[in-house]
Amino acid sequence: MSAVAGLTLALVGCGGEAVDETTPDRLVIVSHESFTPPENAFEAFTAETGIIVEIAAAGDAGELVARAALTAGRPEGDVLWGVDNTLLTRALAADVFEPYESTAHPVRDDLAGTGRGVVTPVDSGDVCINHDRAALDALGLEPPTSLDDLVDPRYRGLLVVSSPETSSPGLAFLLATIAEFGDGWTDYWRRLVDNDVLVVSGWSDAYYAEFSRHGGDRPLVLSYATSPPAEVIFADPPLADDAPAPTGVVTGSCFRQIEYAGVLRGGDHPEAARLLVDFLIDPAFQSLVPESLFVLPATTGVELPESFRRHAPDIDEPLSVEPDRIETERENWIDTWRQVVL
Amino acid sequence: MSGLNIVAIAKAFAGRPVLDDVSLSLEPGERLALVGPSGCGKSTLLRIVAGLESPDRGRIEIDDIDVTDVPTHRRGVGMVFQDDQLFPHLDVADNVAFALRVRGVGRAERTRRVAELLGLVGLGHLAEAHVGQLSGGEAKRVALARSLAIAPRVLLLDEPLTGLDRERHDSLMTELGSILDAMGRETGTSVLLVTHDPAEADFLAGRVVRLTDRRDREVANPVIEGSDEPGDRQP
Amino acid sequence: MEAGRPLSGRARSLGGPAWPAAALVTLLVVVPMLVLASRSVRGGDIVEVWSRPGVGEAVRFSLVIGLASTFVTLVAAAGPTVVIGRRRFRGRSVALAILTAPFVLPTVVVGSAFLALLPDHLDRTIWAVLAAHAFFNTSVVIRQVVPLLESVDEGLLEAARTLGAGPWRAWTSVALPIVRPALLSAAGLVFLLSATSFGVVRILGGPSRATVDVEIHRRAVLLGDLSGATILAVAQTLVVAAVVAVAARRRPPAIRLARSGLARDLPLAGPWAHVTIVVSIAIVVVPLAALVASSLRVGGNWSIAGWRMLLGLEPLGGPSALRVDVAGALRRSLVIALGAVLLATPLGVGAAVAAARDSRWRVISMLPAAVSAIVVGFGIVVTYDEGFLDWRGSVWLVPAVHASVALPFVTRVVEPLVAALPHGPVEAAATLGANRPTTWRLVRLPMLRPAITTAAAFSGALSLGEFGATAFLARTDSRTLPVLVDLLVGRSGERPFAAAMAASTLLFVITFALVLGVERRRPT
């Protein structure tokens, strides 16, 4: 089928003139539902190129990549934002992207090159267990400091996480336990189950429905190292300027997630799409990223807002697993996890 | 008294009286025909005797027992319906054996009895036949055989020959007469039949009662209209 | 050769009028199935896929939910079926219409209604699923069994009583055997529908419960496990096809009921019968009322925000600002439904005409019914994905798929009427000089119009509510209303929920109006 298509296109292109791509009037970014830049985020891009940027969001990262795989070659948009390091190899295998790793602006050392020439790193976030200080105080408990603490009977029935099958931070947490405990990870999870861990399908269910800070029963939740600044920014009523963040992070539990953006293969306007990807690592856009998406910018030289400097801890040594190993073992790990937990 | 005793039966449907103080008696083994135009309550009376309707007033006695409040399936009254009502999902033999089956009679005994009954009505060769394949006359005979399976004390026949064309009517009437005679010799079954045809009534029954609209008479004694019939008289 | 007189003997029809329908079905059902089948063999995972956790559970759950739903449905349907089938009462036809209405409702509507009705701790459990299945499928039992039950002459039961059978015995030895074929066929259908349930299980089943259909969708769209999804899809289709084939072969000959000159009126209903009917109607009405009520609430308060969001007068809002175009989905669903009707009706009528002449052609239009909608959607997405045959996202694909799903219904409604067309008017037209096409246009089609209208209305209702295939084919910018409801219902938050309830209510109202409008016109 591809051969026929290729031949057809070649014949069309044989007219002699270069294929002249007209500038589109809009581009679509396909992303997961946590991609929520502010309204004016793309103004600068539109001013410069005349192209309006729209966002088509649905589901979480896992679903995003699966849908991209199903629509590879006939994509639902021009650019994809939100494939992360745990899902990257799956997207590559499904031939979702038109290879383009933008070098328009310098990215952090720890992220450079990780896009394998196919996608561009756009942000990183550390997936960690967060704790609700007030709730733990009320229970007379110190915050946990490591993964081991989570299976301590003191913290029984206090933890909620999302499922690695359906949630990208959930998968990150699973990988964190694998990185920390090696082959003993199944034992660890059995002990978590014995300690009455609650597993829900998505991060937002965990954070907004079950976390004690938002009306739920559980003071320990799987979220991001950048969630405490969010709690400060959105606190209602607002907190005093020098108050500590209401939530904190268990730094020993963090797994680094790197998010990428890429040009979707088969889109109508690959040239324009590349321009948009360049814009996504432009400091103008990246400076908006922390307080709207609650992740760390990928581009160097972007100053972090004060809320981050004060309330988001530096995670120097996050847990990690090599992407290739993730690709080969991910299915098995998830299936085994399912057997142990569900 | 034994036999069938209908005492002062009254029945109204939706305020309209259909039977008003009807009384009849049959000796065991006696054959009585009720004649009258349609709509004057003959079938209703039959249904009341069978227990398919309850009377507003009056009672039914069979062999001196008051069965007015006894449900149909315990009354021991056999009935041949005007439209036969053979069970379509059973063959002829199973139709005839139905009452025996309900009683829990064993298979060997059932087979024997079915053969006997089919022989009585002259249909032994049709035991395995499908009900839908029978002619009108054959169906009627199967219905009769079926109703005789447990030797009922009272047999009710609702317009047994209505709807048959002239030839079949006459031949079936003759056959029916013989079957009833043969049956009457063996058992003491009282037979109450209902028809609108006076000639049929005369032929088949020893006594004929005419039902007229609205005013129904008490009949204590034989024959109102001439009703000599060929064949055996009642014992 | 007149339409209506079936050909017998050697002469077989070429089935001309059925060719467009055949083309549609071949393209959208047969070819994808063949592609799936060939890929499943190539994958080499055939043995290993069954040991992937989740798969075994899905198969087991499908069987369990199928059996349990059948049982619950038969129990729930017993009362109303017997009362409607054996008793006269005022409002009988209204009761019948209400009790058989649930079947045509979209699965997302029923799922939403039960979500709205049930308290939180019950609403994502197996009980919710069973209740929803019983809600749907009671109408199947009633529809199939009542006609046969009505035809049991009361006189047969009376005869049985004069032969010594008490009321219960009379029922079991006379009425039940007559009704049994319909009962078995209804039970089989309910089982199949429940075991291949997708929308209901997805909305009401909770995260860890999956029938095979749900598992196929999960593997393909959530986990990206295409080989697993393929093997499951093929296996399920084979099993369903085998079951249907066996059932069709072993159907016992219908019992021909003896001619009865005096069909007596059914007895009047007593107090218990009335109670049964009232309770049954309440069971149908209550969840739907809960649905409508939920559409008018946000959180604990009365509000029309749900409806405003549906009509585009208010944005969805919410913690994760989901930019979802609810009004657009409504528009799209209506347009798609129109397209589906315009395609399905002529194609279905053509297939019906061919089938009336030569019943072999009935296969064409019945094929889509044998393959589950999920499998059709998955098959298409995986088959037509390259080069000039890459139809994913094409604007005509979804209406065409809906049309093929609707084909069996169109044919089933229209074919009996084509077969029964009287010859008189047609012959008269011929003597007046009308040729074939003219005769069709001026004589036969007008006579078929009631059936065609009914079929068109049903196709529209089906398309509006279609969820299984559309779940695969709809893209983020082209969602239909059912897909949107499913999305919103899965979100936490009161506003998305209210919008979902409003969308479901609208679907319910339109579908119900379509079907009711059609039933009323039927000169029964």
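These values consider heavy atoms only, across backbone and side chains, with no hydrogens, waters or symmetry-generated copies. Below, read A as the first sequence line, B as the second, and so on, with proteins coming before strands; counting in each chain starts at 1.
Between C/Asp153 atom CG and B/Asp84 atom CG the span is 11.0 Å, to the nearest 0.5 Å. The CZ atom of C/Arg161 sits 12.0 Å away from the CZ atom of B/Arg74 when rounded to the nearest 0.5 Å. Separation of atoms CG (B/Leu86) and CG (C/Leu156) is listed at 8.5 Å; rounding is to 0.5 Å.
Of the two parts of C/Arg169, only the side chain, counted from C-beta on, holds a non-hydrogen atom closer than 4.5 Å to a non-hydrogen atom of chain B. For chain B, the nearby parts of C/Ala160 are the backbone and the side chain; heavy atoms of each come within less than 4.5 Å.
In this structure, B/His73 and C/Pro167 approach most closely via the heavy-atom pair CE1-CD, 3.6 Å.
Counting heavy atoms from C-beta outward, C/Leu163 and B/Ile150 have side chains that stay 4.5 Å or more apart. B/Ser147 has its side chain out of reach of C/Thr162: every pair of non-hydrogen atoms, C-beta onward, lies at least 4.5 Å apart.
A donor-acceptor pair under 3.5 Å links the side-chain atoms of B/His89 to the main chain of C/Ser173, judged by distance alone.
The number of heavy atoms from other shown groups lying within 6.0 Å of CZ (C/Arg87) is above 12. Residue-environment remark: CZ (C/Arg92) exceeds the threshold of 12 foreign heavy atoms within 6.0 Å. Heavy-atom neighbours of C/Phe89 CZ from other residues, nucleotides or ligands within 6.0 Å: above the threshold of 12. Within 6.0 Å of CZ in B/Arg112 there are more than 12 heavy atoms belonging to other residues, nucleotides or ligands.
Listed in order of number, the residues of residues 92-104 of chain B that approach chain C to under 4.5 Å between heavy atoms are B/Phe98, B/Ala99, B/Arg101, B/Val102.
Of the listed residues (B/Leu52, B/Leu156, B/Val80, B/Val77), the greatest number of heavy-atom pairs within a distance under 4.5 Å of chain C belongs to B/Leu52.
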